[in-house]
Amino acid sequence: MSNLSQFFSGGGIKSIQSGYIAGASTGGSTSTADQDSRTWDVTVSSVDVNKVIILVDGSSSGSAGGAGRISGSTDSFAVLGRMTSATNLRLSSTQANGSNIAARWQLVEFA
Amino acid sequence: MYYAQINPENIAFAVTQTSGEIDQSYMIPLASFDNSVIGKRWADGEWEDVPQPPVPEVRRIFVGSFFDRFGPHKWPILADPAPMVQALVRDCQVRRYIDLDNPDLPAGLAMLVSAGHAIDPDAVINAPITEDERWTG
(Lines give C-alpha, C1' and ligand atoms only; values in the text may rest on other atoms or scores of the structure.)
Protein backbone atom coordinates (compact mmCIF):
# COMPACT_ATOMS: atom_id res chain seq x y z
CA MET A 1 0.00 0.00 0.00
CA SER A 2 1.36 3.39 -0.95
CA ASN A 3 1.40 6.24 1.53
CA LEU A 4 0.42 9.87 0.99
CA SER A 5 3.99 11.07 0.51
CA GLN A 6 4.31 8.71 -2.42
CA PHE A 7 1.13 10.15 -3.91
CA PHE A 8 2.20 13.74 -3.69
CA SER A 9 5.83 13.20 -4.71
CA GLY A 10 4.70 11.44 -7.85
CA GLY A 11 3.15 12.78 -10.98
CA GLY A 12 -0.03 14.06 -9.40
CA ILE A 13 -3.53 12.94 -10.22
CA LYS A 14 -3.85 10.43 -13.03
CA SER A 15 -7.64 10.08 -13.17
CA ILE A 16 -10.83 10.95 -11.37
CA GLN A 17 -14.01 8.92 -11.57
CA SER A 18 -17.25 9.68 -9.80
CA GLY A 19 -20.76 8.48 -9.44
CA TYR A 20 -24.11 8.40 -7.77
CA ILE A 21 -25.77 5.25 -6.52
CA ALA A 22 -29.25 4.65 -5.17
CA GLY A 23 -31.35 1.58 -4.58
CA ALA A 24 -31.50 -1.82 -2.99
CA SER A 25 -28.34 -3.76 -2.25
CA THR A 26 -26.98 -6.02 -4.96
CA GLY A 27 -25.30 -8.45 -2.58
CA GLY A 28 -24.00 -9.05 0.91
CA SER A 29 -24.00 -11.52 3.75
CA THR A 30 -26.96 -9.87 5.59
CA SER A 31 -25.01 -10.52 8.80
CA THR A 32 -25.00 -7.65 11.27
CA ALA A 33 -21.35 -8.25 12.17
CA ASP A 34 -19.91 -8.06 8.70
CA GLN A 35 -18.48 -5.10 6.80
CA ASP A 36 -20.27 -6.55 3.80
CA SER A 37 -23.69 -7.03 5.36
CA ARG A 38 -25.08 -5.15 2.38
CA THR A 39 -23.06 -4.40 -0.72
CA TRP A 40 -23.27 -2.45 -3.94
CA ASP A 41 -20.63 -3.18 -6.59
CA VAL A 42 -19.89 -0.41 -9.06
CA THR A 43 -17.84 -1.05 -12.19
CA VAL A 44 -15.20 1.57 -12.94
CA SER A 45 -12.39 2.03 -15.42
CA SER A 46 -9.29 0.11 -14.39
CA VAL A 47 -7.15 1.74 -11.70
CA ASP A 48 -4.08 0.83 -9.68
CA VAL A 49 -5.71 -0.04 -6.36
CA ASN A 50 -2.49 0.88 -4.56
CA LYS A 51 -2.68 4.46 -5.80
CA VAL A 52 -6.24 5.50 -5.18
CA ILE A 53 -8.30 7.19 -2.55
CA ILE A 54 -12.06 6.82 -2.29
CA LEU A 55 -14.39 9.55 -1.10
CA VAL A 56 -17.92 8.51 -0.16
CA ASP A 57 -20.74 10.71 1.06
CA GLY A 58 -24.03 9.01 1.78
CA SER A 59 -25.77 6.45 3.93
CA SER A 60 -27.90 3.35 3.85
CA SER A 61 -31.22 2.66 5.50
CA GLY A 62 -34.03 0.17 5.62
CA SER A 63 -36.24 1.75 3.03
CA ALA A 64 -35.78 3.37 -0.33
CA GLY A 65 -37.48 6.51 0.95
CA GLY A 66 -35.15 6.67 3.90
CA ALA A 67 -31.84 6.08 2.19
CA GLY A 68 -29.56 9.05 2.47
CA ARG A 69 -31.37 10.54 5.41
CA ILE A 70 -29.30 11.70 8.33
CA SER A 71 -32.26 11.80 10.69
CA GLY A 72 -35.90 10.96 10.70
CA SER A 73 -38.12 8.05 11.48
CA THR A 74 -35.93 5.65 9.50
CA ASP A 75 -32.50 4.81 10.89
CA SER A 76 -29.57 5.42 8.59
CA PHE A 77 -26.11 3.87 8.58
CA ALA A 78 -22.63 4.68 7.37
CA VAL A 79 -21.48 3.52 3.95
CA LEU A 80 -17.96 2.16 3.47
CA GLY A 81 -15.98 2.12 0.24
CA ARG A 82 -13.09 0.02 -0.99
CA MET A 83 -11.67 -1.45 -4.18
CA THR A 84 -12.12 -5.22 -4.45
CA SER A 85 -10.38 -5.30 -7.83
CA ALA A 86 -8.92 -2.87 -10.34
CA THR A 87 -12.37 -2.32 -11.83
CA ASN A 88 -14.74 -2.83 -8.90
CA LEU A 89 -15.62 -0.26 -6.28
CA ARG A 90 -17.53 -1.88 -3.44
CA LEU A 91 -19.78 0.26 -1.28
CA SER A 92 -21.04 -1.54 1.78
CA SER A 93 -23.06 -1.21 4.95
CA THR A 94 -22.23 -3.06 8.17
CA GLN A 95 -25.91 -3.16 9.00
CA ALA A 96 -28.22 -5.73 7.47
CA ASN A 97 -31.01 -3.18 7.99
CA GLY A 98 -29.18 -0.79 5.70
CA SER A 99 -30.52 -2.42 2.58
CA ASN A 100 -30.98 0.75 0.54
CA ILE A 101 -28.32 3.26 -0.35
CA ALA A 102 -28.06 6.83 -1.53
CA ALA A 103 -24.47 8.00 -1.98
CA ARG A 104 -22.09 10.05 -4.07
CA TRP A 105 -18.53 8.82 -4.50
CA GLN A 106 -15.28 9.90 -6.08
CA LEU A 107 -12.33 7.72 -6.97
CA VAL A 108 -9.06 9.58 -7.33
CA GLU A 109 -6.09 7.74 -8.84
CA PHE A 110 -2.58 9.11 -8.44
CA ALA A 111 0.20 8.68 -10.98
CA MET B 1 -17.63 8.69 -20.45
CA TYR B 2 -20.92 8.34 -18.61
CA TYR B 3 -22.64 5.08 -17.83
CA ALA B 4 -25.69 3.77 -16.04
CA GLN B 5 -25.11 0.43 -14.35
CA ILE B 6 -28.06 -1.95 -14.36
CA ASN B 7 -28.82 -4.91 -12.10
CA PRO B 8 -29.92 -8.40 -13.29
CA GLU B 9 -33.47 -7.03 -13.61
CA ASN B 10 -32.11 -4.39 -16.01
CA ILE B 11 -32.90 -1.60 -13.53
CA ALA B 12 -30.35 1.21 -13.16
CA PHE B 13 -28.91 1.65 -9.68
CA ALA B 14 -25.77 3.66 -10.40
CA VAL B 15 -24.59 6.44 -12.67
CA THR B 16 -20.85 6.72 -13.15
CA GLN B 17 -18.44 9.07 -14.88
CA THR B 18 -15.45 6.94 -15.79
CA SER B 19 -11.97 7.77 -17.00
CA GLY B 20 -12.15 5.34 -19.88
CA GLU B 21 -14.45 3.23 -21.97
CA ILE B 22 -16.12 0.23 -20.33
CA ASP B 23 -17.42 -2.57 -22.54
CA GLN B 24 -19.87 -4.50 -20.39
CA SER B 25 -23.47 -5.40 -21.21
CA TYR B 26 -24.64 -4.04 -17.86
CA MET B 27 -22.99 -0.65 -18.39
CA ILE B 28 -25.31 1.47 -20.50
CA PRO B 29 -23.65 4.53 -22.11
CA LEU B 30 -25.25 7.88 -21.31
CA ALA B 31 -24.85 11.25 -22.99
CA SER B 32 -24.40 13.00 -19.64
CA PHE B 33 -24.37 12.40 -15.90
CA ASP B 34 -28.11 11.77 -15.86
CA ASN B 35 -29.34 10.69 -12.42
CA SER B 36 -32.91 10.48 -13.64
CA VAL B 37 -32.36 6.98 -15.04
CA ILE B 38 -31.88 5.57 -11.53
CA GLY B 39 -34.71 3.16 -10.82
CA LYS B 40 -35.69 2.88 -14.49
CA ARG B 41 -35.53 -0.30 -16.55
CA TRP B 42 -33.41 -0.59 -19.69
CA ALA B 43 -35.58 -2.33 -22.29
CA ASP B 44 -35.24 -2.43 -26.04
CA GLY B 45 -32.76 0.40 -26.07
CA GLU B 46 -34.88 2.78 -24.00
CA TRP B 47 -35.42 3.67 -20.36
CA GLU B 48 -38.86 2.85 -19.04
CA ASP B 49 -40.44 3.69 -15.70
CA VAL B 50 -40.84 0.91 -13.15
CA PRO B 51 -43.78 0.98 -10.74
CA GLN B 52 -42.41 1.61 -7.28
CA PRO B 53 -43.60 -0.55 -4.37
CA PRO B 54 -45.30 1.46 -1.65
CA VAL B 55 -43.06 2.52 1.21
CA PRO B 56 -44.13 0.60 4.35
CA GLU B 57 -45.87 2.83 6.87
CA VAL B 58 -44.03 3.46 10.13
CA ARG B 59 -46.78 2.83 12.71
CA ARG B 60 -45.59 4.72 15.75
CA ILE B 61 -48.03 6.61 17.98
CA PHE B 62 -47.76 8.75 21.09
CA VAL B 63 -47.95 6.87 24.38
CA GLY B 64 -51.03 8.85 25.43
CA SER B 65 -52.73 7.98 22.17
CA PHE B 66 -51.94 4.34 22.80
CA PHE B 67 -53.72 4.43 26.14
CA ASP B 68 -56.64 6.28 24.54
CA ARG B 69 -57.09 3.28 22.27
CA PHE B 70 -58.25 1.30 25.30
CA GLY B 71 -61.44 3.45 25.31
CA PRO B 72 -63.52 3.05 28.49
CA HIS B 73 -61.01 0.48 29.76
CA LYS B 74 -58.20 3.03 29.96
CA TRP B 75 -58.81 4.25 33.50
CA PRO B 76 -59.42 0.80 35.01
CA ILE B 77 -56.17 -0.37 33.42
CA LEU B 78 -54.19 2.61 34.71
CA ALA B 79 -55.69 2.12 38.18
CA ASP B 80 -55.20 -1.65 38.23
CA PRO B 81 -52.78 -2.50 41.05
CA ALA B 82 -51.96 -5.94 39.65
CA PRO B 83 -48.15 -6.15 39.33
CA MET B 84 -48.12 -7.29 35.71
CA VAL B 85 -50.57 -4.58 34.65
CA GLN B 86 -48.53 -1.95 36.45
CA ALA B 87 -45.38 -3.30 34.86
CA LEU B 88 -46.89 -2.92 31.41
CA VAL B 89 -48.17 0.58 32.15
CA ARG B 90 -44.76 1.68 33.41
CA ASP B 91 -43.02 0.07 30.47
CA CYS B 92 -45.19 2.11 28.14
CA GLN B 93 -44.75 5.33 30.11
CA VAL B 94 -40.96 5.30 29.82
CA ARG B 95 -41.09 5.01 26.06
CA ARG B 96 -41.11 7.93 23.65
CA TYR B 97 -43.64 6.21 21.41
CA ILE B 98 -45.47 2.94 20.94
CA ASP B 99 -44.59 0.97 17.84
CA LEU B 100 -47.78 -0.81 16.83
CA ASP B 101 -45.69 -3.31 14.86
CA ASN B 102 -43.60 -4.26 17.89
CA PRO B 103 -43.78 -8.07 17.96
CA ASP B 104 -44.09 -8.02 21.77
CA LEU B 105 -47.22 -5.86 21.70
CA PRO B 106 -49.83 -8.60 21.11
CA ALA B 107 -48.55 -10.54 24.14
CA GLY B 108 -48.74 -7.40 26.30
CA LEU B 109 -52.32 -6.75 25.24
CA ALA B 110 -53.22 -10.40 25.78
CA MET B 111 -51.92 -10.04 29.31
CA LEU B 112 -54.33 -7.14 29.89
CA VAL B 113 -57.20 -9.26 28.61
CA SER B 114 -56.21 -12.13 30.90
CA ALA B 115 -56.14 -9.64 33.77
CA GLY B 116 -59.82 -8.97 33.16
CA HIS B 117 -59.75 -5.89 30.92
CA ALA B 118 -62.05 -6.41 27.95
CA ILE B 119 -60.02 -4.50 25.38
CA ASP B 120 -59.97 -5.46 21.72
CA PRO B 121 -56.28 -6.15 20.95
CA ASP B 122 -56.89 -6.30 17.21
CA ALA B 123 -58.52 -2.87 17.21
CA VAL B 124 -55.80 -1.40 19.43
CA ILE B 125 -53.08 -2.60 17.05
CA ASN B 126 -54.71 -2.30 13.66
CA ALA B 127 -57.05 0.70 13.81
CA PRO B 128 -55.88 3.33 11.30
CA ILE B 129 -53.55 5.92 12.79
CA THR B 130 -54.96 9.43 12.88
CA GLU B 131 -52.72 12.43 12.42
CA ASP B 132 -53.27 13.37 16.08
CA GLU B 133 -52.03 9.95 17.18
CA ARG B 134 -48.99 9.70 14.92
CA TRP B 135 -45.67 10.12 16.73
CA THR B 136 -43.73 12.89 15.04
CA GLY B 137 -40.59 13.02 17.13
Side-chain angles (χ1 to χ4, degrees), chain A residues 13-28 38-48 51-52 54 56 58 60-69 71-75 79 81 85-91 97 99-111, chain B residues 1-30 32-42 47 49-62 96-102 129 131 133-137:
Chain A
I13 292 174
K14 179 180 180 182
S15 68
I16 298 177
Q17 303 183 67
S18 62
Y20 172 68
I21 182 168
S25 61
T26 56
R38 297 285 184 176
T39 60
W40 296 262
D41 286 333
V42 179
T43 297
V44 297
S45 295
S46 184
V47 295
D48 182 341
K51 295 184 176 180
V52 297
I54 302 165
V56 181
S60 65
S61 80
S63 68
R69 294 165 64 166
S71 62
S73 60
T74 302
D75 293 335
V79 171
S85 73
T87 59
N88 193 75
L89 166 64
R90 172 163 292 177
L91 302 175
N97 290 339
S99 57
N100 282 270
I101 193 173
R104 292 295 301 248
W105 59 266
Q106 282 194 312
L107 178 63
V108 181
E109 182 185 23
F110 293 87
Chain B
M1 277 65 71
Y2 303 98
Y3 294 93
Q5 185 168 342
I6 58 176
N7 65 16
E9 288 75 45
N10 291 343
I11 295 174
F13 65 93
V15 173
T16 301
Q17 180 179 14
T18 66
S19 58
E21 186 175 344
I22 297 176
D23 184 18
Q24 296 286 352
S25 60
Y26 56 83
M27 297 295 282
I28 310 301
L30 298 174
S32 64
F33 197 97
D34 182 6
N35 283 344
S36 69
V37 302
I38 296 282
K40 293 184 178 180
R41 178 182 288 113
W42 181 247
W47 295 106
D49 290 327
V50 178
Q52 296 298 310
V55 177
E57 180 188 17
V58 178
R59 301 196 324 122
R60 294 172 176 173
I61 64 175
F62 289 105
R96 291 186 297 160
Y97 56 80
I98 301 297
D99 182 354
L100 295 176
D101 292 319
N102 185 323
I129 298 175
E131 287 310 304
E133 290 182 310
R134 189 178 303 282
W135 184 74
T136 55

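Only this structure's heavy atoms are used, side chains among them; waters, hydrogens and symmetry mates stay out. In what follows, chains carry the letters A, B, and so on, assigned in the order in which the sequence lines appear, proteins first and then strands, with residues in each chain numbered from 1.
Here the CZ-CG distance, from B:F13 to A:N100, works out to 12.5 Å after rounding to the nearest 0.5 Å.
Between chain A and the residues B:S19, B:P8, B:A14, the most heavy-atom pairs under 4.5 angstrom are made by B:S19. For chain A, the option among B:N7, B:T136, B:T18, B:I38 with the highest count of heavy-atom pairs below 4.5 Å is B:T18. Highest contact tally toward chain B, considering only A:S45, A:S46, A:A103, is held by A:S45 [criterion: heavy-atom pairs under 4.5 Å].
Shown here are the side chain to side chain contact (heavy atoms under 4.5 Å, CB included) partners of A:T43, two or more places apart in sequence or in another chain: B:Q5, B:I22, B:Y26, B:M27. B:Y2 is linked by a side chain to side chain contact (heavy atoms under 4.5 Å, CB included) to B:Q17, B:L30, B:F33, counting only residues two or more places apart in sequence or in another chain.
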